[in-house]
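The next block holds one structure in the form of C-alpha cells; read it before the comments.
Whatever order the structure lists them in is the order used to number ligands and atoms, beginning at 1.
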Amino acid sequence: MTIIVKAPAKINLVLDATAKRTDGYHDVHMVMTTVDLADRLELTELPSGEIRMNAQHAYVPNDERNLAYKAAAVLKKKFDIQAGVEIYLEKQIPVAAGLAGGSSDAAATLRGLNDLWKLGLTLEQLAEIGAEVGSDVPFCVMGGTAIATGRGEKLEKLMAPPPCWVVLAKPTIGVSTADVYGALDLTTAKRPDVEAMIAAVKAQDFTAICQSLGNVLESVTLPMHPEVEQIKDFMTSCGAEGVLMSGSGPTVFALTEHENRAQRLYNGLRGFCNEVYVVRLLGENH
Ligand code: ATP
C-alpha cells in the first residue's frame with residue numbers, strides 16, 4: 001500500500017526571539033503560515049521492518065539524518081511497529097532556505113504513517129511527537145496559520161490572513177539556522193512588533209500585515225549576505241506591498257494582492273535569482 005502526502009513550505013510573517021535558553025535554543029514569538037509550494041512524499045509499506053529513504057536531491061541526505069526518516073523512526077519506536085516504510089521524497093521546496101522544508105517533510109511523514117500504520121492519532125498527538133524531531137515540526141503537522149512560542153513548538157491557532165500572492169526568491173547561498181541563532185545579539189537587534197501582526201491578521205487588514213512584517217534574524221543574515229538585502233530592495237522597487245526574509249533566510253518573500261505585480265516581480269527576479277516561485281498563501285489547517 002502507498003500513501004501520497006504533501007508537505008507545504010511555511011513563511012514567518014513575524015519572527016522575534018525573546019531570550020536565549022539554557023538548552024542553547026532561543027525562546028521565540030512568531031506568526032507562521034503555510035504557502036502552496038510543497039514537497040511530495042510517497043510512503044510505501046515494507047514488510048521487512050526497514051526504513052528506506054529515497055530523496056531525489058543532491059543536498060538532501062538519504063539516511064537517518066533526513067528529518068522524514070527521523071520522524072518515521074520516532075513513530076516506529078514509540079508504537080513498536082513491526083512494518084517498515086520506503087519514503088520517496090520529491091523536493092520542490094528549496095533546501096536550507098528558511099522555509100522549513102525538512103520539518104514539513106517530517107510532519108507529512110507523521111501524518112502519512114498515521115494512516116499507513118492505522119495508528120488513529122489526532123493531529124495534536126502527532127504534533128507532540130513531532131516536537132521530538134524538530135521545533136518547527138509541530139506547526140508543520142497542524143498547517144494553517146499559528147502563533148508559535150517556546151522553541152516554536154507551542155502553538156495557538158490563528159485565522160488565515162487575507163488571500164494574496166507570495167513571491168519567493170532564494171539566492172544561491174544556503175544558511176544554517178543554528179549559525180544564525182548563534183550569532184544573534186538580542187541587545188542590539190531590531191525587534192519586530194509581534195502583537196501588531198497578530199492584531200493585523202485578526203482584523204484581516206492586508207496593509208497592516210505588510211507594515212507589521214518583521215524578523216529579528218535579519219540583523220544577522222543581512223550583514224552576512226548582502227544579496228538578501230538587494231533582493232528585498234528590488235522587490236520593494238517593483239511595488240511589492242510587503243517584503244521580508246523568511247526564518248533564518250536566505251529566502252525573501254514579497255506579498256502582493258495584485259496578480260500582474262506578482263508576475264512583474266517574478267520576471268524581474270528571474271534576472272538574478274535561479275529559484276523564484278509565485279505561490280498563494282494556504283493559511284488553513286490540514
Ligand atoms: P528551517 O526553516 O526549519 O530552519 P530550512 O528550510 O532552513 O529549515 P531545510 O531545507 O529543512 O532548512 O534543511 C536544512 C538541512 O537539513 C539541509 O541542509 C539538509 O542537509 C538537512 N535535511 C534533513 N532532512 C531534510 C529534508 N527532508 N529536506 C531538506 N533538507 C533536509
Side-chain angles (χ1 to χ4, degrees), residues 5-15 17 25-26 28 30-35 37-43 51-74 85-113 130-143 146 148 150-153 155 168-184 215-218 220-221 224-225 228 244-253 275 277:
V5 238
K6 273 174 85 171
K10 67 89 185 130
I11 56 172
N12 299 85
L13 296 177
V14 70
L15 190 166
Y25 287 93
H26 278 80
V28 294
M30 54 194 184
V31 174
M32 299 198 272
T33 191
T34 38
V35 297
L37 171 68
D39 292 341
R40 182 175 165 277
L41 293 91
E42 280 179 24
L43 309 175
I51 300 171
R52 207 181 293 155
M53 190 71 224
N54 182 4
Q56 301 294 314
H57 196 289
Y59 300 115
V60 175
N62 261 331
D63 51 26
E64 66 286 348
R65 289 168 300 163
N66 196 300
L67 294 184
Y69 183 112
K70 269 190 194 159
V74 167
V85 64
E86 163 148 24
I87 305 170
Y88 171 83
L89 167 60
E90 213 175 86
K91 285 301 287 183
Q92 298 291 335
I93 305 172
V95 176
L99 298 170
S103 304
S104 194
D105 295 340
T109 302
L110 292 175
R111 286 196 309 269
L113 288 179
E132 294 176 32
V133 181
S135 309
D136 282 347
V137 179
F139 170 75
C140 295
V141 167
M142 305 302 293
R151 284 190 294 130
E153 84 288 9
L155 302 172
L168 300 163
K170 181 188 171 281
T172 41
I173 45 164
V175 167
S176 147
T177 305
D179 290 352
V180 172
Y181 272 104
L184 178 64
N215 182 348
V216 74
L217 301 179
E218 285 191 342
V220 179
T221 308
M224 248 196 267
H225 301 291
V228 178
L244 191 70
M245 183 180 84
S246 186
S248 53
T251 303
V252 178
F253 66 85
E275 293 183 272
Y277 306 86

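Remark: ligand 1 atoms within the under-4.0 Å shell around heavy atoms of Asp105 are 26 (C), 27 (N), 28 (N). The Lys10 neighbourhood of ligand 1 comprises atoms 2 (O), with distances under 4.0 Å to a heavy atom of that residue. Atoms of ligand 1 found under 4.0 Å from any heavy atom of Ser103, numbered from 1 in the order shown, are 3 (O). Taking every non-hydrogen atom of Gly101 and a distance limit under 4.0 Å, the qualifying atoms of ligand 1 come out as 6 (O), 11 (O).
Here the heavy atom of the protein found nearest to atom 19 (C) of ligand 1 is Tyr59 O, 3.8 Å. Looking only at protein heavy atoms, the nearest one to atom 4 (O) of ligand 1 is Thr177 OG1, 2.6 Å. Remark: minimum distance from atom 2 (O) of ligand 1 to any protein heavy atom is reached at Ala100 N, 3.0 Å. Nearest non-hydrogen protein atom to atom 10 (O) of ligand 1 is Ala96 N, 2.8 Å. When only non-hydrogen protein atoms are considered, atom 17 (C) of ligand 1 lies nearest to Val95 CG1, 3.6 Å. Regarding atom 3 (O) of ligand 1, its nearest protein heavy-atom neighbour is Asp136 OD2, 3.0 Å.
You'll find the side chain of Val133 reaches within 4.5 Å of the side chain of Val74, heavy atoms only. Side chains of Ile11 and Leu99 form a contact here, defined as non-hydrogen atoms less than 4.5 Å apart.
Taking CD of Glu42 as the reference point, atom CD of Glu90 lies at 7.5 Å (rounded to 0.5 Å). In this structure, the separation between OG1 on Thr109 and CD1 on Ile87 is 4.5 Å, given to the nearest 0.5 Å. With rounding to the nearest 0.5 angstrom, the CG atom of Asp105 is 4.0 Å from the NZ atom of Lys91. Rounding to the nearest 0.5 Å places CE of Met142 at 7.0 Å from CG of Leu155.
For Leu67, a nitrogen or oxygen atom sits less than 3.5 Å from a nitrogen or oxygen atom of ligand 1, counting backbone and side chain alike. Ligand 1 has a nitrogen or oxygen under 3.5 angstrom from a nitrogen or oxygen of Leu99. Considering backbone and side-chain atoms alike, Gly98 places an N or O below 3.5 Å from some N or O of ligand 1. Considering backbone and side-chain atoms together, Leu89 places no N or O closer than 3.5 Å to any N or O of ligand 1.
Residues that satisfy the ring pair (Phe, Tyr, Trp, His ring centres under 6.0 Å) test with His225, not counting sequence neighbours, are absent from this structure. Every residue two or more places apart in sequence or in another chain that forms a side-chain contact (heavy atoms from CB on, under 4.5 Å) with Ala131 is listed here: Pro138, Glu153.
Considering all non-hydrogen atoms of both residues, Ser103 and Leu67 come closest at N-CD1, 3.7 Å. Pairing each heavy atom of Val228 with each of Pro171, the nearest pair is CG2-CG, 4.3 Å. Here the closest non-hydrogen pair linking Thr177 and Ser248 is OG1-OG, 3.1 Å.
Without hydrogens or angle criteria, Asp63 side chain to Met53 main chain gives no donor-acceptor distance under 3.5 Å.
Proximity of Val60 to ligand 1, defined as any heavy-atom pair under 4.0 Å, is confined to the side chain (atoms from C-beta onward).
The residue from Gly102, Pro61, Cys140 that puts a heavy atom closest to atom 22 (N) of ligand 1 is Pro61. Of the candidates Lys170, Arg65, Lys91, it is Arg65 that places a heavy atom closest to atom 23 (C) of ligand 1.
For atom 29 (C) of ligand 1, a protein heavy-atom neighbour is found at a distance under 4.0 Å.
Judged by the shortest distance from any of its heavy atoms, His57 lies outside the 4.0 Å radius around the atoms of ligand 1.
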